[in-house]
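Computed from a predicted model, the values in this text were never measured in an experiment.
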Amino acid sequence: MEPPPATYQVNGAAIRAIRMRQGLALRETARAAGISRSYLQRLETGIRRRMRPDTYAPLRNYLGATDDQLLALEEPVEKR
């Protein structure tokens with residue numbers, strides 16, 4: 001069994017779209033997920049792209065979303 005990743009790369013636009021589609025306020029969603037409003041806003045705008053599992057799971061659960069909806073594809077590492 002593999003250990004969970006240290007962080008998840010999330011799709012901020014998808015987080016925002018799901019939240020807005022459900023009519024949820026930024027502050028309400030952040031509070032329910034146990035994160036700050038500003039942190040959620042930075043995720044949604046792409047300023048922040050990674051979340052720890054202990055902050056990601058409550059947000060995913062509150063939104064009723066799946067990993068397929070919220071996780072971004074990992075960006076390939078460039079070789080030099």
- Task: Please list, chain by chain and in numerical order, all residues satisfying salt bridge (charged side-chain N to carboxylate O under 4.0 Å, His left out) with R31, sequence neighbours excluded.
- Result: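 In terms of salt bridge (charged side-chain N to carboxylate O under 4.0 Å, His left out), with neighbours along the sequence ignored, R31 is linked to no residue.
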- List for me each residue that meets salt bridge (charged side-chain N to carboxylate O under 4.0 Å, His left out) alongside D67, sequence neighbours excluded, and say none if there are none.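 D67 satisfies salt bridge (charged side-chain N to carboxylate O under 4.0 Å, His left out) with R60 only.
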- Query: Do Y56 and T7 pass the side-chain contact (heavy atoms from CB on, under 4.5 Å) test, and can you show the C-alpha distance, the side-chain angles, and the key distance before you say yes or no?
  - Reply: CA-CA 9 Å; Y56 169 74; T7 61; over 6 Å; no
Side chains of [X] and [Y]: closer than 4.5 Å at any heavy-atom pair?
X: V10; Y: L59; answer: no
X: N11; Y: L70; answer: no
X: T29; Y: I35; answer: no
X: Y8; Y: R52; answer: no

- Task: Give the minimum heavy-atom separation between Q69 and G64, together with the two atoms involved.
- Result: OE1-O, 4.5 Å
- Message: Could you report the tightest heavy-atom contact between P53 and P58, atom names first, then the distance?
- Response: O-CD, 4.3 Å
- Kindly say whether L24 contributes a backbone atom to a donor-acceptor pair with the side chain of R19 at under 3.5 angstrom?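 Yes: the side chain of R19 pairs with the backbone of L24.
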- Message: Holding to side-chain contact (heavy atoms from CB on, under 4.5 Å), I want the full list of residues that pass it with I47, two or more places apart in sequence or in another chain.
- Response: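 Counting only residues at least two positions away or on another chain, I47 forms a side-chain contact (heavy atoms from CB on, under 4.5 Å) with R42, T45.
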- At what distance, to the nearest 0.5 angstrom, does CZ of R16 lie from CZ of R21? 12.5 Å
- Message: We want to know whether R50 and Q9 form a side-chain donor-acceptor pair, criterion being a heavy-atom distance below 3.5 angstrom.
- Response: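 There is such a pair between these side chains.
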- Message: Regarding E28 and Y62, do their side chains bring together a donor and an acceptor under 3.5 Å, going by distance alone?
- Response: yes
- Run the side-chain contact (heavy atoms from CB on, under 4.5 Å) check on L26 and E44 step by step: do they pass? CA-CA 10 Å; L26 188 70; E44 288 186 353; 3.6 Å; yes
